[in-house]
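Below you'll find the structure, written out as structure tokens, and then a few comments.
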Amino acid sequence: MVVDAQLQKPLRPKDGTAGIERPKALMDSIAEDPRHLVALSSRHVVSSRQFDRDTLTQLFRLAAQYESTPALMHLPLQGKILISAFYEPSTRTRLSFESAWHRLGGDIMSITDPKSTGMAKGESLPDIAEMFNNYGDVIVLRSNQDRAIYEMLDTLRIPIVNAGNGIDEHPTQAMADLYTIFKWRPELLDPELPANRRVRVGIIGVPNRMRTVRSLLLLLARFSSAFSEVVILTDEAQPFDPGQQEELAEQGLSVRVAQHLNAELPGLDVVYINAIAWVGDSYEAMGADLKLSTASPLKQEAIILHPLARGEELSTDLDGTPHNWYFAQARGAVFIRMALLTCIVRRISEVMDTP
Amino acid sequence: MVVDAQLQKPLRPKDGTAGIERPKALMDSIAEDPRHLVALSSRHVVSSRQFDRDTLTQLFRLAAQYESTPALMHLPLQGKILISAFYEPSTRTRLSFESAWHRLGGDIMSITDPKSTGMAKGESLPDIAEMFNNYGDVIVLRSNQDRAIYEMLDTLRIPIVNAGNGIDEHPTQAMADLYTIFKWRPELLDPELPANRRVRVGIIGVPNRMRTVRSLLLLLARFSSAFSEVVILTDEAQPFDPGQQEELAEQGLSVRVAQHLNAELPGLDVVYINAIAWVGDSYEAMGADLKLSTASPLKQEAIILHPLARGEELSTDLDGTPHNWYFAQARGAVFIRMALLTCIVRRISEVMDTP
Amino acid sequence: MVVDAQLQKPLRPKDGTAGIERPKALMDSIAEDPRHLVALSSRHVVSSRQFDRDTLTQLFRLAAQYESTPALMHLPLQGKILISAFYEPSTRTRLSFESAWHRLGGDIMSITDPKSTGMAKGESLPDIAEMFNNYGDVIVLRSNQDRAIYEMLDTLRIPIVNAGNGIDEHPTQAMADLYTIFKWRPELLDPELPANRRVRVGIIGVPNRMRTVRSLLLLLARFSSAFSEVVILTDEAQPFDPGQQEELAEQGLSVRVAQHLNAELPGLDVVYINAIAWVGDSYEAMGADLKLSTASPLKQEAIILHPLARGEELSTDLDGTPHNWYFAQARGAVFIRMALLTCIVRRISEVMDTP
């Protein structure tokens, strides 16, 4: 019997960023306060701007509770229907949301082929929103048009979640990013964190053209006490929209721009890399020198985040190192989405005592 | 915090055509008689011709029961599998059927990409039907070929529902249309309705080239005591197939053709508009003067129906008026499909006492 | 009321190869030994080579148990998520797996459009595998690349099932093929079968270019005591890979090549026909004379198998004859997949007593 050796091996055990210890520790570090989650009932999720520090903190707590619970005894979303509308195809984000929804016991209707939709036939966005009202309980929308989700809001009577709208925002990705950072160091949630415990974040990306970066910066600003500085690494001459930096500064987030990655790396605790910039209908790679590998001068304790899918900017030789928190980040995205979806469809009382 | 004002608002309350009062009133006006629903067990649904007045009336009653029940205690289709086969793409109709099925607790396998199917590779329709026999409990089929569903019937051992076959029929759409009319005025179901309570229906469309119109006329004829006249508004010289008008006349439905919409509108109680004519593989708009807006000379009490998606023929300025029953029509389509599907997969005894 | 006669008929009763008698008889002929099924826990299913005779026999028993049980009282896969990843489109195989999974109570996320996936955007197979780890409990993969599934194995921490990889293998199809043969004659499972009860199998196909044929031969070899000879019917000069025949011979399976179908048919008990050879990205029909119809000189008792979809090589005039076991084969594929999936996701203890 000639079978590949891999087929005889037991499945590989989980790596150190998996397991239930870290989410359990994060959960234990946060006092439960369900009022902030109840307040999310029937709310749309369009922009990171909608979320304050307390609400985010409670979402992280609930996500950590889900992640540290191997199997739910009770499925809070039974009988609820998700409309998973990916007008811009994205297998990764779609599966993440759909997995979250299924784990909570809900049913799903998917739209994955933009060409087969009413939108392709010229149907208006408000009319599509009215259709969604009748057929589902919540919508997850990915679109390559910034305005699409906004044009639906007036019509919608069910909540909608922005899963990426053009170059504008991707708020649940940013929540997953922060959830990862706080699983790594729960102490960063402490508003009284001593200055010498703060961390420096590097973001390889363009704030005014990458939705993940835009949304992440907005959420980092909610926890500005945790971050001594954010360094934007880019070749772009104008990486910000007018007012974008000022909005962050008002909340105490110090943002600086730099061009030389390797010069900054020795001072960075968190390195966020995302080499895909959305430009019209196509992708554009960032500058060729903004790449990470085991040869990069990373701090020993530094963690790397990447919203994935990755290209050449993030070498696979980092996968087996303790710097790799991007896989934990992808894994955690399911749990933060579970937390958020539970709240907006008004089922938080199924998983915790509410006032 | 700068967030769009819409994101701060609570979700818009339902309009006057929603709510449970109207379906409750319709339900209460019909005496329950489950025998007609039991007789639908394991039956195909291909043509409006298959349905008599009593069966339709009981289906409307069950639909109204579903619509006026906020959440089902018991899911009658648990363990049943729907094959949702849309060989002609249609997000709206597909989601309507899939939402109906999910609300009843069933599972779904969707075919949304015609190019990926056996049919595209030259597999015969009977072979596809035999495949469906083995993998599901019921099929919903949309095809741009009139004959496709008929070529499957001899092979099928599970029921199939016609969700639109070319320019032939779309019987569940017609059921949704009538369900809406009877929610509007339950008295129209009375076979002894005085002549002066009858209503006049205008249909902007072509009976021999539009499946929705063909199926609707067949069902209107089952309730000819309710309708003083049907006026077909069209520019076509030959809007009927041979025998089509005669078949309707035999059942007492008076059908007249007219060309000038605005001349007829002051006399119409129900205005059915459907500007999309299926012609081969493409769409063709109707005459440019057959359009509705708030400037149209509508009767004050008149309601407008449209199977949607709409184009320019139906102005959005009517959306906020009491004439708008097309949104209620789309909403109701879910419940009539729930009623029908419950019956054909032999689960009616799960939702009512049966003989 | 003019309705097609077919719509008035009750649904056609099942044919002789359906029903629960045959699977019941097969089940009763096999002594239950769950150890072999427990050993499949968390195992990948890539090649027919992974399966020994005892394991296959117990899988056939469990499949027969599922097939002879009209409705499961208990759904063993509730809360489990299948990632149904068909990078090469195949409605038939996809629906077969998805139907199996749904009947066991599990949820599904489907990937049916290769162009919308990360793979199309250049994402690596290990990265896709890592994504799958986070979002599902098991993967079913169809790909037109032989190596795709192998390149995922090192990364995967959840089991993957090969649903066809290029021209390499399709092991669950081969299991369905053998399951059909043993339902036809359970005595063939007897290791002490007298030589005069053995059957002769003809395979119209090319072992080194057809994944179904390659996988089937490997499984036939596990039961070489049942088969007096396998005759490969092909026009190809080199129908075997180096070593392919020798591997089979070592296990006692006698394989011979012939070119003239009609000369062999009178000596064949089982005729396996599969006219579709995978060649790069396109299909290629086999020799035009390798066709079956009622005019073919079939043994009276012979059964015909075909993995479907069929083309011109298998005449529909055989559908109504007792030779037709290809429909039973398609039907049985659901149950063998149910059996296999139950085991690999570690839920066998939900359906039988395990040690």
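Lettering of chains follows the sequences in order, A, B, ..., and the numbering in each one begins at 1.
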Identify, with sequence neighbours excluded, every residue that meets side chain to side chain contact (heavy atoms under 4.5 Å, CB included) alongside B:Asp137. B:Lys80, B:Ile81

Residue set satisfying ring pair (Phe, Tyr, Trp, His ring centres under 6.0 Å) with B:Phe60, at least two apart, ordered chain then number -> B:Phe182

Counting only heavy atoms from other residues, nucleotides and ligands, does the tally under 6.0 Å from CD of B:Gln238 exceed 12? no

In terms of heavy-atom pairs under 4.5 Å with chain C, which of B:Asp107, B:Val46, B:Asn134 leads? B:Asn134

Under a 3.5 Å distance rule, please check whether B:Gln58 uses its side chain to pair with a backbone N or O of B:His36 as donor and acceptor. no

Which atoms of B:Pro126 come close to chain C, meaning under 4.5 Å heavy atom to heavy atom: side chain ones, backbone ones, both, or neither? neither

Output yes when C:Glu88 and C:Arg211 qualify as a salt bridge under the 4.0 Å nitrogen-oxygen rule, no when they do not. yes

Relative to chain C, which of B:Gln78, B:Gln251, B:Met109 shows the most heavy atom pairs under 4.5 Å? B:Met109

If one checks every heavy atom of B:Ile158 against chain C at 4.5 Å, the contacting part turns out to be backbone

Contact class of B:Ser110 relative to chain C, heavy atoms under 4.5 angstrom: backbone

